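The structure appears below as structure tokens.
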Amino acid sequence: MHGPAAKLDADKAAAKKSKLGVILFLCYTLVYIGFVFIGLMDPELLELHVLGKQNLAIVYGFGLIILAIVMGFIYNAVCSRYEDQMNNK
Amino acid sequence: MIYNVSPGAIIIFMTFVAAVLGLSFYFARKTKSASGYYAAGGNIHWGVNGIAFAGDYLSAASFLGICGMIAFSGYDGFLYSIGYLAGWVVALFLVAEPLKRLGKYTFTDALDARFNSKSIKLTASFSTLIVSVFYLIPQMVGAGDLVVPLLGLPHYVGVLIVGSIVIFIVATAGMTSTTYVQFIKGALLIIFSTILTGYILTNGLNLNPGGDYHKFITVGAVFEDNKLTGVDDPEYKVENVYAVDANHTFVSLQKEGITRFFKLSADSSTLVEMLSVATASDGTKLYNGEPKSAGKFYQVGHLTKIEVDGVEVDKTGPLGPFEFLSTLENAELVRFTKAEIKEAQATVWYQTPTSGKEMINPGLLLKVSSKAGATFWTKLNFVSLMLALFLGTSALPHILIRYYTVASQRAARKSTIVAIAAIGFFYILTLYMGLGASFNGVIDLESSNMSGPLLAKYFGVGLFSIISAIAFATVLGTVAGLIVASSGAIAHDFMDNYLGMKMDDRRKVKAGKMAAFSVGIFAIILGILFKGMNVSFLVGLAFAVAASANLPSILFLLFWEKTTAKGISWSIMTGIASSVLIILLSPSMFERYGLDKATAPIPLDNPGIISIPLAALVLVVVSLLSQKDNHSKVENYHHD
């Protein structure tokens, strides 16, 4: 009745992947909260030049985007390894 | 704004639309089953699906709305880019794979997988419909904005064209066609945005935006007995003085029978020309004192000072991506701020000198600094927006259904990562495209949404035509995805599952198509009603409604064993009701109703900070109170 559209095999790595996902999510959330917190409590701090002639607003903003991409690749690499090891593929 | 329509632009546009329709015809012949219609048979390659995700996600809000917001308000528009992308982290790390494991065709299936509950079927399908409609509004508004300069047609015609084409696409082919349209368009949008950014950097900063850029007039003010009686140019006569508040005195001057509006400078020595749209006594609209066809409502935005290595220059020449930002930080430019003169029935835009430093820091739109007059509510609004953007992505039904178009959890994960990389790269480009639009004399003050395409026009009609056609296809694709999600909610979740109308595959697809037609008509009406609002702002509201209605249910279902069907249903309804109510009572909506925004009972534009925690709290409390129902939970759902 409510099964997936494509038939899925049992995934023995699901629990480990889920745990890794939660850890990475919490790490990213902390960095994101840091950005919101600075914007809220001390927005002038974002004007400071922190990398060459670039201010913190630009570096942090670009950093959050790039960090999401990098963490995505790490997550995929580790999850694929878990799946290969635990699902015997 | 009056635009010159280019035949080349029309040809390119028509070719794009024809290609999209051709693709739909092709896939329509292949789509016979419900699985094919709603989930593309679960057979899309993860790479294609990833770029299609980007195509779905980089909607009118991203290209039109964010670029426009950055052009008008600098870095604050870029906050949307940051928040939109961060939302994918929630999708990837918490939602993608478990949801893929739980669902079949729709988000409702996934939520209901463990419970088989009527109330979940009803509330989740209702939520899908509400969120999709909220998300449809900005897409339709953006479509209307696009056809004005592209085809020289009125806004409502653009809305009608998009609505009709999309209804046709969805009613013929469903998810397979939508996926491939999104894939092609997502890829093209990223490629051509990269080219546009290349043009911006090569062009650098220039004090002169172009040969036909309007030279704004400044005249000296003449006072007698502390009263403004004239100006130092004898051709102008003072008509009226409007002292709006302590800092804003506007003056209408007449020359050769034409009335133009000026702003008195802070030291009362000069009057500086503004742009205006006024309603004449016979009801006609006058643009800078003349009919619209006279073309006197100019495109604006210019630099007043460029400094390189401490030396003032007229232009910089080509700049690297980081050099562009640091040079702009030391420059000065003129933005235009909107104001109303009620006695004159006029909307005016006055020149606001702005430093480059203000442009690449937060604060021009969202007041967060106490020095800039931030209050408790403006700060809360900032947090609320960032929260809604962060949590909204993984609660959008048209994004969630894309997880069902791939074959496995691994494919779902990989396509999400492709999406994050493509979308992240594009969002970095939005900063350059928006800032480039702010000072190259391309801004249409009546529609911030057109800043990106009009910047492309500055570099050539060919680029403008292609980018506009892609943006139009973007809207087509996103609207198609939303309508598939909505029709799934009505036909599959509500009619088939909730009402128990046992339909065969053929009737199920037919019901979906009829639902798509109805939602499409509704979207057309809303698109016309909301003309003129920034599409990214509107999408921010859709994110807030999605995050409030759906995300607590998704996360608690995945991570809290005590979650019950009643808890989910109550949470969804609380999220919808509270977020929609706060939006309807917000300052922005009060302005839309024609009321004073200061009288709005809730001084929050984005409801997320209240409605998301409230929906989560209701879920926890109701679940704890209904634990006895949990014994009916359908165990081993994945073997079903």
Side-chain angles (χ1 to χ4, degrees), chain A residues 1-11 13-14 17-18 20-29 31-33 35-44 46-47 49 51-58 60-73 75-76 79-80 83 87 89, chain B residues 35 38-39 41-43 75 78-79 81-82 85-86 88-90 92-94 97-98 100-105 109 112-113 116 322-323 325-326 329 357 360-363 368-369 371 379 382-383 386 390 404 406-410 413-414 416-417 420-421 424 427-428 431 559 637-640:
Chain A
M1 176 169 50
H2 286 298
K7 192 169 166 53
L8 301 177
D9 297 329
D11 183 10
K17 289 191 295 182
S18 175
L20 176 68
V22 171
I23 292 168
L24 290 175
F25 165 75
L26 290 176
C27 291
Y28 190 86
T29 304
V31 182
Y32 187 79
I33 289 173
F35 179 72
V36 176
F37 188 76
I38 294 172
L40 199 64
M41 304 310 289
D42 192 4
E44 283 76 21
L46 294 169
E47 296 172 8
H49 287 180
L51 201 66
K53 291 179 182 173
Q54 304 306 314
N55 67 20
L56 183 60
I58 295 289
Y60 214 141
F62 280 16
L64 276 167
I65 291 176
I66 293 164
L67 181 66
I69 299 170
V70 171
M71 285 173 85
F73 279 112
Y75 175 69
N76 182 51
C79 285
S80 297
E83 286 166 352
N87 296 332
K89 283 184 181 173
Chain B
S35 166
Y38 293 115
N43 283 323
Y75 191 92
F78 189 57
L79 288 174
S81 294
I82 295 169
L85 189 83
W88 279 94
V89 167
V90 186
L92 174 65
F93 294 148
L94 301 184
E97 290 185 58
K100 171 73 190 161
R101 207 157 53 234
L102 290 175
K104 187 177 181 185
Y105 298 146
D109 286 339
D112 196 32
N116 194 19
F322 290 108
E323 204 182 2
L325 297 172
S326 57
E329 188 176 10
K357 193 173 178 179
I360 58 167
N361 276 292
V368 286
S369 166
K371 283 184 199 162
K379 289 186 172 199
F382 166 71
V383 179
M386 297 309 282
F390 189 48
Y404 308 131
V406 290
S408 66
Q409 294 162 61
R410 182 183 281 214
R413 184 177 69 240
K414 282 185 174 176
T416 311
I417 290 161
I420 291 178
Y427 278 149
I428 287 177
L431 185 65
F559 294 101
Y637 52 90
H638 49 276
H639 297 307
D640 192 15

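Bear in mind that the values here come from a model prediction, so they are computed numbers and not experimental data. In the text below, chain A, chain B and the rest are named by the order of the sequence lines, each starting its count at 1.
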Any residue meeting side chain to side chain donor-acceptor pair (under 3.5 Å) with A:T29, in chain and number order, not counting sequence neighbours: none
B:R413 backbone acceptor or donor facing A:Y75 side chain under 3.5 Å: no
In terms of heavy-atom proximity below 4.5 Å to chain A, should B:I420 be classed as side chain, backbone, both, or neither? both
Using non-hydrogen atoms only, which part of A:Y28 is less than 4.5 Å away from chain B: side chain, backbone, both, or neither? side chain
Return yes when atom CZ of B:F559 has more than 12 non-hydrogen atoms of other residues, nucleotides or ligands closer than 6.0 Å, and no otherwise. yes
Rounded distance (nearest 0.5 Å) linking atom CD1 of A:I66 with atom CD1 of B:I428: 4.5 Å
Looking at A:Q54 and B:F322, what are the two nearest heavy atoms and their distance? NE2-O, 2.9 Å
From the list A:L40, A:I33, A:V70, A:L64, the residue making the most non-hydrogen contacts under 4.5 Å with chain B is A:L40
When the 4.5 angstrom heavy-atom criterion is applied to A:M71 and chain B, the contacting part is both
Would you say that A:I58 contacts B:L431 through its side chain, given a criterion of any heavy-atom pair below 4.5 Å between the two side chains? yes
By a 4.5 Å heavy-atom criterion (distance strictly below it), what part of B:F390 contacts chain A: side chain, backbone, both, or neither? both
Are B:R410 and A:K17 packed together at the side-chain level, in the sense that at least one heavy-atom pair is separated by less than 4.5 angstrom? no
For B:S326 versus A:K53, what's the shortest heavy-atom pair and its separation? CB-CB, 3.6 Å
Between B:I82 and A:F35, which heavy-atom pair has the shortest distance, and what is it? CD1-CZ, 3.9 Å
Work out which heavy atom in A:V36 is nearest to a heavy atom in B:F382; give both atom names and the distance. O-CE2, 3.5 Å
Minimum-distance pair of heavy atoms, taken over all atoms of B:V89 and A:A68: CG2-CB, 3.7 Å
Any side-chain heavy atom of A:F62 sitting closer than 4.5 Å to one from B:L325? yes
With a 4.5 Å cut-off on heavy-atom pairs, point out which of A:V31, A:L24, A:V22 contacts chain B the most. A:L24
Grab the two heavy atoms, one from B:F93 and one from A:F25, that are nearest each other, plus how far apart they are. CD1-N, 3.6 Å
Contacting moiety of B:I417, where chain A heavy atoms sit under 4.5 Å: side chain
Are B:N361 and A:P43 packed together at the side-chain level, in the sense that at least one heavy-atom pair is separated by less than 4.5 angstrom? no
Please enumerate all residues that pass salt bridge (Lys or Arg N to Asp or Glu O under 4.0 Å) together with B:K357, with sequence neighbours excluded. A:E47
